[in-house]
Protein chains: 2
Amino acid sequence: MTAHADLTRNQSLVLDRLEKAEAPLSAYAILDQLREEGLRAPLQVYRALDKLLDMGLAHRLESLNAFVACARPNCHASGLIAFAICEKCGQVAEFSDDIVHERLHDWAHREGFVVSRTTMEIRGSCRACAA
Amino acid sequence: MTAHADLTRNQSLVLDRLEKAEAPLSAYAILDQLREEGLRAPLQVYRALDKLLDMGLAHRLESLNAFVACARPNCHASGLIAFAICEKCGQVAEFSDDIVHERLHDWAHREGFVVSRTTMEIRGSCRACAA
DNA sequence: ATCGCGGCGTAATGTCGTAACATAAGCGTC
DNA sequence: GACGCTTATGTTACGACATTACGCCGCGAT
């Protein structure tokens with residue numbers, strides 16, 4: 001388990017659950033797991049998640065309304081992350097592609113579009129589940 | 001206004017509102033607009049939306065939990081569509097890029113991942129709003 | 001005719017996310 | 001130390017998005 005020494009208690013609890021999960025967790029699923037730790041309201045989880053997202057330690061999957069821990073140990077940002085989400089087993093693969101990043105960047109530049117955030121999510125079946 | 005002759009009443013009503021809107025609409029926003037037409041429950045809207053999505057006449061923006069009419073007259077599918085969503089004015093640009101499509105397809109092929117659906121959404125400011 | 005199917009209507013419920021308000025701990029400044 | 005600032009926290013209530021369950025109707029195919 002990585003250190004994350006600078007996290008607050010709630011943030012650590014939330015990140016810990018995300019890291020132990022084998023599939024994305026909804027905020028409410030996290031909350032349910034943390035009731036025994038004393039958490040009682042969704043906002044406590046959402047606040048922790050916001051910080052974790054800011055720090056790049058977790059990601060939000062928009063198409064699932066759920067969250068995952070960042071796959072790379074201490075990624076702290078990086079270009080543009082894409083997610084491949086298996087609809088059978090729930091596993092999420094995280095990858096990035098510079099060419100894709102560049103193409104989208106070029107498009108934005110041509111259009112004068114100022115990008116603040118990009119989400120890219122592929123739904124389907126992973127190799128194991130596609131059999 | 002395009003013909004869409006084969007649509008049911010509810011589907012036509014919903015598509016009509018999406019086409020007239022200048023920004024993505026949530027299902028409940030559509031419902032509110034259609035109360036005077038007799039619609040009363042969310043499900044009536046969601047059912048129509050499901051069909052419109054199937055037919056490729058509308059798209060769902062996952063990062064917004066909202067819907068837009070397809071930008072192209074009678075697109076009926078096409079490769080991989082990306083959306084650029086202006087967070088100021090709400091306008092959505094729809095585009096596609098074969099190279100991006102190819103890169104993602106290649107990644108999936110290498111991983112043995114069977115794709116069912118891909119979402120790509122860029123958030124930011126359009127040219128007009130970035131000034 | 002009747003069976004199956006697709007669309008429709010309604011009510012209730014489930015899931016996800018936030019507003020508004022209050023409290024407490026840390027920290028620098030005067 | 002007293003003050004003001006900032007950040008994290010806790011609690012209640014609410015708003016926003018989506019689905020489940022049930023039943024009816026119309027229509028084409030057998």
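Residue numbers begin at 1 in each chain, while the letters A, B, ... track the order of the sequences. Computed over heavy atoms, backbone and side chain alike; hydrogens, waters and symmetry mates excluded. This is a predicted model, so every value here is computed, not measured.
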Notebook entry, point to check: Looking at B/Ser26, does any N or O in its side chain come under 4.0 Å of the phosphate oxygens OP1/OP2 on D/dA16?
Noted result: no
Margin query: Whether the side chain of B/Glu94 engages the backbone of B/Ala71 through a donor-acceptor N/O pair (distance < 3.5 Å, no angle test) should be reported.
Written below: yes
Atom pairs, protein N/O to nucleotides 19-25 of chain D N/O, distance under 3.5 Å:
none

Checklist line | Between B/Phe67 and B/His59, ring centroids under 6.0 Å | finding: no
Margin query: Measuring to OP1 and OP2 of C/dC8, would you say a side-chain N or O of B/Gln44 lies under 4.0 angstrom away?
Written below: no
Note to self: Rounded to the nearest 0.5 Å, what separates atom CE in B/Met120 from atom OG1 in A/Thr119?
What the structure shows: 9.0 Å
Check: For B/Thr118 and A/Arg123, does a side-chain donor sit closer than 3.5 Å to a side-chain acceptor?
Finding: no
Next item on the list: Check for a donor-acceptor pair, side chain of A/Gln44 on one end and backbone N or O of A/Ala41 on the other, with a separation under 3.5 Å.
Entry: yes
Check: Whole Å only: how far is the CZ atom of B/Phe67 from the P atom of D/dA16?
Finding: 16 Å
Notebook entry, point to check: Do A/Arg117 and A/Glu62 pass the salt bridge (Lys or Arg N to Asp or Glu O under 4.0 Å) test, and can you show the C-alpha distance, the side-chain angles, and the key distance before you say yes or no?
Noted result: CA-CA 12 Å; A/Arg117 179 158 77 79; A/Glu62 305 279 3; 3.0 Å; yes
Checklist line | Distance, rounded to the nearest Å, where B/Leu13 contributes CG and C/dG9 contributes P | finding: 10 Å
Item checked: Rounded distance (Å) that lies between atom C1' of C/dG6 and atom CG of B/Asp54 -> 13 Å
Notebook entry, point to check: In whole angstroms, how far is the P atom of D/dC17 from the CG atom of A/Leu64?
Noted result: 18 Å
Next item on the list: Rounded to the nearest angstrom, tell me the gap between atom CD in A/Glu37 and atom P in D/dT9.
Entry: 14 Å
Next item on the list: Determine the minimum heavy-atom distance between A/Cys89 and A/Ala23, stating which atoms define it.
Entry: O-CB, 4.5 Å
Notebook entry, point to check: How far does CG of A/Leu52 sit from CG of A/Leu18, to the nearest 0.5 angstrom?
Noted result: 7.0 Å
Next item on the list: Could you check how far CG of B/Leu25 sits from P of D/dC17, rounded to whole Å?
Entry: 11 Å
Taking only N/O atoms, report every protein-nucleotides 6-8 of chain D pair under 3.5 Å with atom names and distance.
from  : atom 1 : to      : atom 2 : distance (Å)
D/dA8 : OP2    : A/Lys51 : NZ     : 3.4

Next item on the list: Round to the nearest Å and state the distance from B/Leu34 atom CG to C/dC8 atom P.
Entry: 12 Å
Notebook entry, point to check: Is a side-chain donor-acceptor pair under 3.5 Å present for B/Ser125 with B/Glu87?
Noted result: no
Next item on the list: Write down the distance between CG (A/Asn65) and P (C/dG14), rounded to a whole number of angstrom.
Entry: 18 Å
